[in-house]
Amino acid sequence: MTAPSLTGPPTGPSLPTPSPTPRALLWEALRTRRRDLTLASLFFSSHQLGEALVPVIVGAAVGNAVQNGTPHQLARWLGLLAADFLLLSLSFRFGARAAKRAAQHTEHLARGRLTAAVLRPTGGVRMLPGELLSRAAGDAARVGVFARTVASTVAAVVVLLASTLLLVRISPPLGALVVAGTAGLLAAQHRLSATLRSTSTTEQARQADAAALAEDLVRGLRVLKGIGAARAVAADYARVSQDAVRAARRAASAEAALLSLGTAFTGLYLTAVALTGGWLALDGHLNLGEFIAALGLAQFVIGPMRVVAAARAGHARAIASTTRIHEVLNTPPAVPDAGTRGGATRAAAGDGGAADRTAGGAPGAMEGGPAGGGAPGAVEGDVAVGGVAGVVGGGAVVGGTAAAAVGAELAGGIGVEPWSGLEFRGVALPGGAVLDARVPGGSMTGLVCDGPAAAEAVTALLAREFDPAEGRVLLDGVDLAAFPLDVLRATALVCPHEPALLPGTLGDNLGALSDGADATAEGARAALADQVVDATPHGTDTSVGDRGETLSGGQRQRVALARALAARSTILVLHDPTTAVDAATEHTIAARVRRTRADLTTLVITNSPAWLARCTQIVHAHGEGGSARCDTGTHAALLATSAAYRRTVTR
């Protein structure tokens with residue numbers, strides 16, 4: 001097998017340095033669209049000023065007509081009024097376009113940064129998919145909406161200043177009323193905005209809980225019906241949904257209180273202006289035209305004052321949403337990446353690799369990983385291991401798999417035989433077992449763990465979703481932490497127990513990591529995925545849905561296994577790849593995978609006798625504490641000599 005050469009180093013999504021605070025993150029996002037926001041503010045201001053001039057022009061026209069104005073003069077005032085309407089109409093059109101553009105791009109920026117944080121090679125984000133969906137959809141949308149709010153608020157402030165100046169020119173007492181009313185409104189809103197921010201944060205959190213639970217229920221609906229648990233989980237979802245409804249009501253009540261305060265203030269303000277203006281007109285300080293203009297301006301500025309009132313609520317909700325996005329961006333990485341430290345650790349071998357890992361200090365060590373209490377179905381396991389990039393544990397694959405090319409290059413750099421094997425030295429597993437064994441290169445090895453948590457932990461360790469809290473994992477005597485993540489994941493391909501299929505067709509998934517058309521066909525035959533293609537209505541053009549939901553569990557497993565085999569990676573790790581297929585099919589698949597992976601390193605983490613019988617060597621990690629041990633031998637030999645092994649694989 002000839003692997004394609006590298007066209008460049010694999011790269012993950014870029015991730016800018018997170019802002020120190022949610023408020024800074026919000027304004028940083030707005031600054032990236034400052035051109036659109038400036039245009040929107042200018043056009044909206046022009047629109048608002050045009051509306052403010054309408055009562056002034058009407059008042060002047062009426063005053064001129066009362067004072068024996070000529071038809072020609074009246075026509076000029078009407079022409080000026082028509083020009084003003086044309087100006088405000090066009091200004092609103094172009095302002096709305098610029099504001100929409102700013103809102104969409106700001107929302108996209110927030111969503112893009114959140115996605116980059118989730119998909120970064122070093123991991124660390126372990127929220128449930130529904131929780132992340134809530135932040136990427138609802139919270140990012142609120143940030144985008146606030147971008148439009150900023151432009152509207154700038155225009156409202158401009159027109160309030162202009163209207164105040166006009167009112168001061170007409171009557172200083174009326175101008176003073178506008179200033180006092182606006183200042184009082186802003187002061188009162190400032191005291192209520194903290195409450196809205198708090199309730200808004202709670203509302204988004206409860207909605208995220210409901211979305212996460214709904215996503216889990218949809219994915220496991222078939223199983224839940226099979227075990228008769230549908231009513232119980234429906235009741236649980238109803239409870240979570242009601243919590244979300246109550247939180248939404250509290251947030252809506254807080255926002256309504258903030259807006260009603262603005263309405264009450266503007267009503268009192270308008271009443272005060274009408275009384276003051278009427279008194280001034282009766283007293284002779286205002287003529288008829290000035291009185292009409294003053295009342296028109298006073299009525300008009302209610303709109304901008306309400307915009308200013310709503311801006312405070314919009315800002316509170318945007319800060320609450322950026323706080324939730326900021327939590328994701330500031331999540332510490334689960335593992336350090338040797339590739340980000342200048343490549344110096346490439347030459348590190350043996351104990352040097354371990355020292356490098358220790359210095360890096362992985363905050364996501366095993367206690368925080370999935371085996372130590374992490375949420376099941378967390379994103380790190382779904383996205384970083386399950387998707388296209390993820391079948392290799394989160395790294396990207398460039399130029400096909402390029403595994404052999406990368407392997408030869410890196411192995412040559414450290415002066416060892418290319419990928420002679422994996423080694424576990426005193427790796428503590430959940431449940432108390434200690435994995436201390438060697439996986440020889442060029443053969444199929446089976447790893448048997450007494451508990452599913454231990455098996456999941458080994459899978460995550462080899463994908464470097466986190467580093468071991470105790471012990472070391474070596475590749476050719478080099479600590480895994482010494483390898484750049486992109487190189488390691490392009491060489492050691494990890495297929496978890498529940499790999500995610502990609503949205504698209506069967507053909508898209510079978511060839512996602514393929515080394516070529518022949519490799520795709522070979523992988524499909526070995527995993528019996530060719531039978532899945534033949535059984536579907538449109539063959540390789542059949543849609544698998546969003547996450548493969550149009551296929552049965554066994555069909556999904558066979559397609560995912562075929563996708564992994566088609567990569568022809570130097571090292572392949574499979575975790576329970578055929579638990580959803582029948583026994584006869586499982587035996588056939590195991591035999592074909594053994595033939596397909598001849599002379600390549602394959603580690604199968606499973607308790608299935610069908611796979612274990614075809615492995616060259618079996619490692620059984622069992623016991624705990626002082627009695628923890630690893631038994632090594634063939635399947636037949638361990639069945640004959642180890643009662644613990646027999647209990648594990650035959651139960």
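Each residue takes its place number in the sequence, starting with 1.
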### Message
Using side-chain heavy atoms (C-beta onward) and a distance below 4.5 Å, is V593 in contact with L561?
### Response
yes
### Query
So do the side chains of V427 and V473 get within less than 4.5 Å of each other, counting heavy atoms only?
yes
### Query
Which pair of heavy atoms, one from A526 and one from L565, lies closest together, and at what distance?
CB-CD1, 3.8 Å
### Message
Given 3.5 Å as the limit, does a donor-acceptor pair link the side chain of Q555 with the main chain of S552, or not?
### Response
yes
### Task
Could you grab the distance from atom CD of Q617 to atom OG1 of T445, nearest 0.5 Å is fine?
5.0 Å
### Message
For D479, is there an ion pair with R472 - N to carboxylate O distance below 4.0 angstrom?
### Response
yes
### Message
For a 4.5 angstrom cut-off between non-hydrogen side-chain atoms, does C630 reach H620?
### Response
no
### Task
Identify whether the distance between the nearest side-chain nitrogen and carboxylate oxygen of R464 and D467 falls below 4.0 Å.
yes
### Query
So how far is it from L600 CG to S569 OG, rounded to the nearest 0.5 Å?
7.5 Å
### Summary
When rounded to the nearest 0.5 Å, the distance separating OG1 of T616 from CZ of R614 is 12.5 Å
### Query
Do L551 and L501 have side-chain heavy atoms sitting under 4.5 Å apart?
yes
### Task
Heavy atoms only: give me the nearest L493-A567 pair and the separation to one decimal.
CD1-CB, 3.9 Å
### Query
Under 3.5 Å, side chain of T601 to main-chain N/O of G442, donor-acceptor pair present?
yes
#### Entry: I618 side chain reached by Y645 side chain, heavy atoms, under 4.5 Å
yes
#### Entry: Candidate pair E423 and V439, rule side-chain contact (heavy atoms from CB on, under 4.5 Å), full reasoning
CA-CA 6 Å; E423 187 175 356; V439 178; over 6 Å; no
### Summary
Correct closest heavy-atom pair for A457 and F466 would be O-CZ, 4.1 Å
### Message
Is a donor from one side chain sitting under 3.5 angstrom from an acceptor on the other, for D582 and T585?
### Response
yes
### Message
For Q557 and T578, which I'm curious about, is there any donor-acceptor pair between the side chains at under 3.5 Å?
### Response
no
### Query
Below 4.0 angstrom, N of the basic side chain to O of the carboxylate: do R126 and E465 qualify?
yes
### Where A519 and A566 come nearest, the two heavy atoms and their spacing
CB-O, 3.4 Å
### Query
Does T550 use its side chain to pair, donor to acceptor, with the backbone of S543 at less than 3.5 Å?
yes
### Query
Salt bridge between E327 and R135, side-chain N to carboxylate O under 4.0 Å?
yes
### Message
With heavy-atom distances below 4.5 Å as the criterion, would you say the side chains of V458 and F424 are in contact?
### Response
yes
#### Entry: Modelled atom types, side-chain donor and acceptor of T520 and S514, under 3.5 Å
yes
### Query
Is V544 close to N509 at the side-chain level, that is, under 4.5 Å between some pair of heavy atoms?
yes
### Task
Would you check if the side chain of R558 reaches a backbone N or O of A527 as a donor-acceptor pair within less than 3.5 Å?
no
### Message
I'd like to know if the side chain of R556 and the backbone of E549 have a donor-acceptor N/O pair within less than 3.5 Å.
### Response
no
### Query
Under 3.5 Å, is there a donor-acceptor pair between the side chain of T491 and the main chain of V487?
yes
### Message
To the nearest 0.5 Å, what is the distance between OG1 on T115 and CZ on R111?
### Response
7.5 Å
### Task
Please check if any side-chain donor atom of T648 sits under 3.5 Å from a side-chain acceptor atom of D450, or the reverse.
yes
#### Entry: Rounded distance [0.5 Å steps], CD1 in I605 versus CG in L447
5.5 Å
### Query
Do we see a donor-acceptor contact under 3.5 Å between the side chains of D576 and T606?
yes
### Query
Can you tell me how far the CZ atom of R438 sits from the CZ atom of R425, to the nearest 0.5 Å?
9.0 Å
### Query
So does E522 pair up with R568, basic N to acidic O under 4.0 Å?
yes
### Summary
From the list T505, V532, T536, side-chain contact (heavy atoms from CB on, under 4.5 Å) partner of T542 resolves to T536
#### Entry: Closest heavy-atom pair and its distance - V619, A437
CG1-CB, 3.6 Å
### Task
Just grab all the side-chain hydrogen bond (donor to acceptor under 3.5 Å, both in side chains) pairs involving residues 621-634, residues at least two apart or on different chains.
H622-D631, R629-D631
## Note on the structure
Heavy-atom nearest pair, P499 first then R563, reads CB-NH2, 4.0 Å
### Message
I'd like to check L510 versus V533 (side-chain heavy atoms, cut-off strictly below 4.5 Å). Are they in contact?
### Response
yes
### Message
Under a 3.5 Å distance rule, please check whether R489 uses its side chain to pair with a backbone N or O of P121 as donor and acceptor.
### Response
yes
### Query
Does the side-chain contact (heavy atoms from CB on, under 4.5 Å) test come out yes or no for V118 and L132, once each step is laid out?
CA-CA 9 Å; V118 173; L132 282 171; 3.8 Å; yes
### Message
For the NE2 atom on H587, are there more than 12 heavy atoms of other groups (residues, nucleotides or ligands in this structure) within a distance under 6.0 Å?
### Response
yes
### Worked check of side-chain contact (heavy atoms from CB on, under 4.5 Å) between L429 and V434
CA-CA 6 Å; L429 300 178; V434 177; over 6 Å; no
### Task
Starting from the C-alpha separation in whole Å, work towards a yes-or-no answer on side-chain contact (heavy atoms from CB on, under 4.5 Å) for H575 and C495.
CA-CA 6 Å; H575 178 203; C495 187; over 6 Å; no
